[in-house]
Amino acid sequence: MAKFAAAASPYLKNPKPPQVVVVTSQAAQFSVYAELQLAAQQNAVRALAYYLHQPCSILAENQIDKLGSLAPKLVILPSAQALRESTWQALLAYVKSGGNLLVTGPVSRDEHWHPIDRLTPLGIKGSIEPLTAHYSFIASQTDVLAPDYIPAKIALTFGQQAQQLLEYVHLPLDTSVASVPLEKGNLYWAAYPVELSEETTASSLLYEVLLKFLRIKPIFTSERLPYGDPLIYPIDLSDAVLYVVESEFDRELKVNINDSTIGEVNFRLAAQHAALFLIDKHTKQIVAKYGLP
């Protein structure tokens with residue numbers, strides 16, 4: 001590790017903020033629904049980082065003032081259920097200035113869990129209802145969100161705890177996503193708290209639709225493994241790209257990364273191990289590595 005740190009040190013500066021930011025609801029996280037909110041946040045990050053290879057920043061509700069300096073192309077508010085009014089207004093201001101916001105499930109309560117109408121001011125015709133169904137789905141034929149990109153159905157299943165505690169947005173005509181232009185930007189509102197579905201791929205499928213629609217591309221691709229993928233997380237620096245690779249599996253993995261700068265990088269990663277490597281953007285060479293042959 002010391003050898004890696006010495007070789008990488010000159011490059012470790014001026015990281016570029018990711019194009020995607022996940023905003024966390026502290027109104028929900030510090031409530032009796034904390035377990036659900038933490039699960040929603042974790043599932044959002046896993047969908048982006050593991051499945052879609054899309055780096056993201058996490059921004060807590062009390063740090064929302066920093067959103068402008070991050071200047072993301074997409075903000076995701078995952079299954080919040082409750083949110084401070086000041087945070088909500090900051091998110092709307094971000095959209096109006098040219099941003100894109102994806103909201104999943106209702107945000108119909110303030111930080112005191114008092115009901116608040118956030119649909120009507122946006123011109124969204126809908127109501128907040130208890131989430132009592134076990135099965136639901138997001139379907140392409142009724143959605144206004146990038147219909148050419150949505151698969152036939154994104155299946156959703158909600159367990160007993162979710163059915164007892166959560167709400168959803170009942171939209172007209174069986175629509176499951178509403179799209180609202182706000183001045184220079186767009187707000188996309190999914191009716192269901194997708195990140196809390198038992199279908200583990202639901203969040204990634206929905207995010208993938210929007211990422212493609214907004215033309216937000218990862219800087220690498222990787223061959224899918226039949227039993228799941230390791231975490232491959234690139235950090236874009238001014239003169240280099242730092243890759244962090246981590247395995248949660250109980251067996252050795254064959255990792256294949258196709259980087260836009262140098263092409264393919266192939267190696268084997270031991271069970272429950274991590275690897276680091278840093279690519280110089282100018283020489284297009286790996287100049288520092290740890291855990292690689």
Looking only at non-hydrogen atoms, find the nearest pair between A202 and A155 and report the distance. CB-O, 3.7 Å
Residue pair L74 / I216, side-chain heavy-atom distance below 4.5 Å: yes
Within-4.5 Å side-chain heavy-atom neighbours: I76 and V21: no
Enumerate the side chain to side chain donor-acceptor pair (under 3.5 Å) contacts for residues 33-46, please, sequence neighbours excluded, ordered by first and then second residue. Q29-Q41, Q37-Q41, R46-E248
Any residue meeting side-chain contact (heavy atoms from CB on, under 4.5 Å) with N258, in chain and number order, not counting sequence neighbours: T221, E264
Hey, could you give me the CG/CG distance between L165 and L196, rounded to the nearest 0.5 Å? 10.0 Å
Which word best sums up how the rings of H112 and H114 line up, parallel for under 30°, tilted for 30 to 60°, or perpendicular for over 60°? tilted
If you define the side chain from C-beta out and look only at heavy atoms, does anything of L92 sit under 4.5 Å from L187? yes
Tell me which pairs pass salt bridge (Lys or Arg N to Asp or Glu O under 4.0 Å) where either residue lies in residues 11-20, with sequence neighbours left out. K16-D236
Please find the pair of heavy atoms, one from P218 and one from Q54, that lie closest to each other, and give the distance. N-OE1, 3.8 Å
Measuring from K284:NZ to D259:CG, what's the distance to the nearest 0.5 Å? 10.0 Å
Using side-chain contact (heavy atoms from CB on, under 4.5 Å) as the criterion, list what pairs up with A191, not counting sequence neighbours. V169, L171
Using the side chain to side chain donor-acceptor pair (under 3.5 Å) criterion, which residues pair with D65? Sequence neighbours excluded. none
Using the side chain to side chain donor-acceptor pair (under 3.5 Å) rule, collect all pairs that involve residues 88-102, keeping only residues at least two apart or in two chains. E85-Q89
Contact between V265 and I262 at the side-chain level, heavy atoms closer than 4.5 Å - yes or no? yes
Residue pairs, two or more places apart or on separate chains, that pass side chain to side chain donor-acceptor pair (under 3.5 Å) and touch residues 120-132: D117-T120, S127-E129
Can you name the side-chain contact (heavy atoms from CB on, under 4.5 Å) partners of S260, sequence neighbours left out? I219
Is there a side-chain contact between V107 and Q81 in this structure, where contact means two heavy atoms from C-beta onward sitting under 4.5 Å apart? no
If you take all heavy atoms of Y51 and S204, which pair is closest and at what distance? CD2-CB, 3.3 Å
Heavy atoms of H282 and D280 approach each other most closely as N-OD1, 2.6 Å
Transitive ILVMFWY cluster of M1 at side-chain heavy atoms under 4.5 Å: who else is in it? F4, Y11, L12, Y50, L231, Y233, I235, L237, L242, V244, L276, L278, V287, Y290
Output all residues satisfying side chain to side chain donor-acceptor pair (under 3.5 Å) with S203, sequence neighbours left out; order by chain, then residue number. none
Between R84 and E111, does at least one N-O distance fall below 4.0 Å, as a salt bridge requires? no
Using the side chain to side chain contact (heavy atoms under 4.5 Å, CB included) definition, which of the options V95, V23, L182 pairs with L101? V95
Are a donor atom and an acceptor atom from the side chains of Y135 and T157 found within less than 3.5 Å of each other? no
Can you tell me how far apart CG (D110) and OG (S86) are? Round to the nearest 0.5 Å. 10.5 Å
Considering only Ile, Leu, Val, Met, Phe, Trp and Tyr, and joining two whenever side-chain heavy atoms are under 4.5 Å apart, list the other residues clustered with I116. none
Using modelled atom types and a 3.5 Å cut-off, is there a donor and acceptor pairing between side-chain atoms of W189 and backbone atoms of L119? no
Could I get the full list of ring-ring contact (aromatic ring centres under 6.0 Å, His included) partners for Y243, not counting sequence neighbours? F220, F277
